Amino acid sequence: MPTVEEVASSWSAGALVVVNTERDTFYRAAAFVFGDGDGLVWIEPHYLDPYGTATPAMHRAQAAQVHQFGTAFNILADGGTWSVTLADYIAEEDEDQIGEQIAFLFDRIAAAGTTWHAERERVRALVLGN
């Protein structure tokens, strides 16, 4: 079975991250998802905000279990379940919450004169150091 990194590096768009805890369900856009040992790291698109971010853009989940379903993952970690799905497959009901953030990501990447894959590798080197 491919690793999280092998699958996520083959994507060409951001992702939807759904975090289910005992109390809440959170929907977040991910600019990038990186495999990190037995877990993952995901970066929210607002890391590119020219005015800075009000909340951390990087999140890490050390996984107890990772289940892969095609290009999607369910990860049991950090007191909850994290579901990660390629942004191309975002359900219509989630599009309003996530689509604007993914559009912001691609607008900023285009303005910088680079590509999603090149930016992913640049950020990956900064975050993971390899």
Side-chain angles (χ1 to χ4, degrees):
M1 178 189 331
T3 66
V4 170
E5 180 59 25
E6 289 169 340
V7 172
S9 67
S10 72
W11 294 347
S12 60
L16 168 67
V17 177
V18 181
V19 181
N20 292 301
T21 67
E22 290 180 8
R23 294 188 292 190
D24 289 307
T25 299
F26 302 95
Y27 295 86
R28 298 289 186 263
F32 311 110
V33 175
F34 307 112
D36 182 27
D38 62 351
L40 65 86
V41 173
W42 58 281
I43 310 293
E44 292 188 49
H46 68 265
Y47 84 96
L48 287 170
D49 190 325
Y51 301 106
T53 65
T55 59
M58 185 179 94
H59 307 276
R60 185 179 307 265
Q62 292 303 316
Q65 295 178 12
V66 176
H67 302 280
Q68 181 182 345
F69 305 95
T71 60
F73 300 95
N74 282 337
I75 298 164
L76 301 177
D78 298 338
T81 302
W82 299 43
S83 300
V84 182
T85 305
L86 180 61
D88 289 350
Y89 303 114
I90 293 173
E92 189 174 319
E93 61 269 17
D94 298 324
E95 182 64 31
D96 289 343
Q97 295 179 5
I98 304 304
E100 186 176 305
Q101 295 174 49
I102 299 296
F104 169 82
L105 168 72
F106 279 95
D107 288 347
R108 298 301 302 169
I109 287 173
T114 190
T115 66
W116 183 87
H117 286 287
E119 180 67 0
R120 182 187 188 278
E121 288 308 307
R122 184 187 77 79
V123 172
R124 184 180 182 281
L126 290 171
V127 171
L128 300 179
N130 53 17

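All values derive from a computational prediction rather than experimental measurement.
- Two different hydrophobic clusters hold L126 and F34 under the rule that ILVMFWY side chains link at heavy-atom gaps under 4.5 Å.
- For the pair P45 and A29, the tightest heavy-atom approach, listed with the atom from each and the gap, is CD-O, 3.4 Å.
- With sequence neighbours left out, the side-chain contact (heavy atoms from CB on, under 4.5 Å) criterion links T114 to I109, A112, A118, E119.
- A search for ring pair (Phe, Tyr, Trp, His ring centres under 6.0 Å) contacts involving H117 returns nothing, not counting sequence neighbours.
- Atom CD1 of I43 sits about 10.0 Å away from atom CZ of R120, to the nearest 0.5 Å.
- Of the residues listed (V4, V127, V123), the one engaging V41 in a side-chain contact (heavy atoms from CB on, under 4.5 Å) is V127, and it is the only one.
- Scanning both residues, A30 and V33, for their nearest heavy atoms gives CB-CG2, 4.1 Å.
- Between the side chain of W116 and the backbone N or O of A31 there is at least one donor-acceptor pair closer than 3.5 Å.
- How far CE of M58 is from CZ of F32: 14.0 Å, rounded to the nearest 0.5 Å.
- Using modelled atom types, one side-chain atom of H46 and one backbone atom of T55 make a donor-acceptor pair closer than 3.5 Å.
- Expressed to the nearest 0.5 Å, how far CG of L128 lies from CZ of R60 amounts to 6.5 Å.
- The CD atom of Q101 lies 10.0 Å from the CG atom of L105; values are rounded to the nearest 0.5 Å.
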